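Residue numbers start at 1 and run along the sequence shown. Because the structure is predicted, anything quoted here is derived from the model rather than measured.
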Amino acid sequence: MTLEELAIPLRTLRLLAVDFPGLPAPDVDVSPLYPERLRLSFHDTSCESLAAFEQWRTALRIAPDAVDARTQSDGRTRVLAAEGSFAGAVIVLTAYADLPAADRAPAGGVR
């Protein structure tokens with residue numbers, strides 16, 4: 001595969017930078033395995049990553065009911081995930097944040 005074959009997500013990333021310059025910077029992933037997909041992820045030990053996710057979700061007009069909320073790492077980490085589209089690319093948003101001990105699910109449980 002050539003870099004040109006990743007043009008869709010790369011152009012989309014460029015457009016996002018122009019259209020939404022004030023939004024929080026995500027981790028960005030473009031892969032030849034999914035040449036039409038642009039992954040934007042947010043990792044933070046506080047809930048700031050969840051706020052960044054919500055800002056991007058709103059900007060990309062992804063419906064709130066399209067968000068999958070779950071926990072992982074024995075209930076220690078909250079995960080939000082959603083997909084949408086922008087400029088011809090599939091946008092995958094994911095956020096990870098540590099949950100305070102009081103909000104954690106029991107071992108093996110899901111919240």
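Going from atom CD1 of I62 over to atom OG of S85 covers 8.0 Å, rounded to the nearest 0.5 Å. The distance from the CZ atom of R70 to the OG1 atom of T77 is 10.5 Å, given to the nearest 0.5 Å. Residue I8 holds its CD1 atom at 14.0 Å from CG of L13, rounded to the nearest 0.5 Å.
Closest of all the heavy-atom pairs between A52 and F42 is CB-CD2, 3.6 Å. Considering every non-hydrogen atom in both A87 and T12, the closest pair reads O-OG1, 3.4 Å.
Annotation: side chain to side chain contact (heavy atoms under 4.5 Å, CB included) contacts of D29 (sequence neighbours excluded): R39.
Using a 4.5 Å cut-off on side-chain heavy atoms (C-beta onward), E36 and P9 make no contact. Side-chain contact between S31 and R37: absent, with no pair of heavy atoms (C-beta onward) separated by less than 4.5 Å.
V28 and V90 end up in different hydrophobic clusters when Ile, Leu, Val, Met, Phe, Trp and Tyr side chains are linked at under 4.5 Å. Hydrophobic cluster membership is shared by V30 and M1, with clusters built from Ile, Leu, Val, Met, Phe, Trp and Tyr side chains linked at under 4.5 angstrom. Each of L6 and V92 belongs to its own hydrophobic cluster when Ile, Leu, Val, Met, Phe, Trp and Tyr are linked at side-chain heavy-atom distances under 4.5 angstrom.
Atom OH of Y34 sits in a sparse spot, with 12 or fewer heavy atoms from other residues, nucleotides or ligands closer than 6.0 Å.
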Evaluation steps, side chain to side chain contact (heavy atoms under 4.5 Å, CB included), between L50 and L80: CA-CA 7 Å; L50 303 180; L80 299 179; 3.7 Å; yes
Check against side chain to side chain contact (heavy atoms under 4.5 Å, CB included), E83 and L93: CA-CA 6 Å; E83 285 191 16; L93 293 178; over 6 Å; no
Side chain to side chain contact (heavy atoms under 4.5 Å, CB included) evaluation trace for L60 with L16: CA-CA 9 Å; L60 295 171; L16 290 173; 3.8 Å; yes
Derivation and outcome, side chain to side chain contact (heavy atoms under 4.5 Å, CB included), residues V67 and F53: CA-CA 10 Å; V67 176; F53 174 95; 3.9 Å; yes
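Checked by atom type and distance alone, the side chain of S49 pairs as donor or acceptor with a backbone atom of Y96 at under 3.5 Å. With hydrogens and angles disregarded, no donor-acceptor distance shorter than 3.5 Å links the side chain of W56 to the backbone of T94. Looking only at distances, no side-chain donor or acceptor of R78 sits under 3.5 Å from a matching main-chain atom of A97.
Sorted by first then second residue, the salt bridge (Lys or Arg N to Asp or Glu O under 4.0 Å) pairs that include residues 5-28, not counting sequence neighbours, number zero.
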